[in-house]
Amino acid sequence: MDQTAVKQHLSAVPLFSRLSKKLLHTLAVTAADKTYNPGDVIVRQGEKALGFYLVVEGKVDVEKAGKIVATLGPGQFFGEMALLDEEPRTASVKAATRSRCLVVYSWEFWASVGKDPEALRSLLKESVRRLRGSTPAPED
Ligand code: CMP
């Protein structure tokens, strides 16, 4: 994928849409473009986090303790949780189909999204939504 295509993908994601042209350019230059085959483990639960992933093509399954809790597709992201709390990955993410992701490494992530309060807000909103979804309702 050329840099213009990478920039288009990044700016189409609400999270990145308000970033300055300069930051978007830096992200586009530093993001890694990775392709995965069905079944490939993209991130593994319990491992140290290196980056944030944006799905560009295909579908990926989020698995917790071997159970699929979500399936993500183009325009969706994963890997934000361990970057936020600097703890190990909360789930494994596997390619469900042949897929492609842009990987933004943590230092670039904090230098871009991390500097934009609105982007951080929508990132947190999505993380909390995910956490709510996987938290069992209290018993009464
Ligand atoms: P992280 O913990 O860094 O790595 C695994 C990722 O899976 C996690 O960040 C989230 O991006 C994603 N994830 C974890 N739980 C859920 C969920 N319930 N729904 C969607 N995505 C999730």
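Only this structure's heavy atoms are used, side chains among them; waters, hydrogens and symmetry mates stay out. For ligands, and for the atoms within them, numbers begin at 1 and follow the listed sequence.
Taking atom 14 (C) of ligand 1 as the reference point, the nearest protein heavy-atom neighbour is T90 OG1, 3.6 Å. For atom 10 (C) of ligand 1, the closest heavy atom belonging to the protein is E80 OE1, 3.5 Å. Ranking the protein heavy atoms by distance from atom 21 (N) of ligand 1 puts R130 CD, 3.4 Å first. For atom 6 (C) of ligand 1, the nearest protein heavy atom (residue, atom name, distance) is G79 N, 3.8 Å.
Annotation: cation-pi geometry satisfied between R130 and F77 (NZ/CZ under 6.0 angstrom from ring centroid, within 45° of ring axis).
With a heavy-atom cut-off of 4.0 Å, V62 touches ligand 1 through its side chain alone. If you look at Q45 next to ligand 1, there are no close heavy atoms at all, none under 4.0 Å.
Proximity of a side-chain donor or acceptor of S17 to a complementary backbone N or O of A12 within less than 3.5 Å is not detected.
Checked by atom type, the side-chain pair S127/E80 shows a donor-acceptor distance below 3.5 Å.
Ring planes of F78 and Y53: parallel class, angle under 30° (limits at 30 and 60°).
Listed by number with element, the atoms of ligand 1 under 4.0 angstrom from any heavy atom of F78 are 11 (O). If you number the atoms of ligand 1 from 1 as listed, the ones under 4.0 Å from a heavy atom of A70 come out as 19 (N), 20 (C).
Ligand 1 lies out of reach of A49, whose nearest heavy atom is not under 4.0 Å from it. Within the structure, the closest approach of K64 to ligand 1 falls below 4.0 Å when heavy atoms are considered.
Nearest to atom 5 (C) of ligand 1 by heavy-atom distance, out of A91, G51, P88, is A91. Which of S127, S92, A82 comes nearest to atom 1 (P) of ligand 1 through a heavy atom is settled by distance: it is A82.
For the pair M1 and L102, the minimum side-chain heavy-atom distance is below 4.5 Å.
Remark: K94 does not engage D40 in a salt bridge, criterion side-chain N to carboxylate O under 4.0 Å.
Of the residues L54, L123, L120, the one that meets the side-chain contact (heavy atoms from CB on, under 4.5 Å) test with L15 is L123.
In this structure, the separation between CG on D116 and CG on L23 is 8.5 Å, given to the nearest 0.5 Å.
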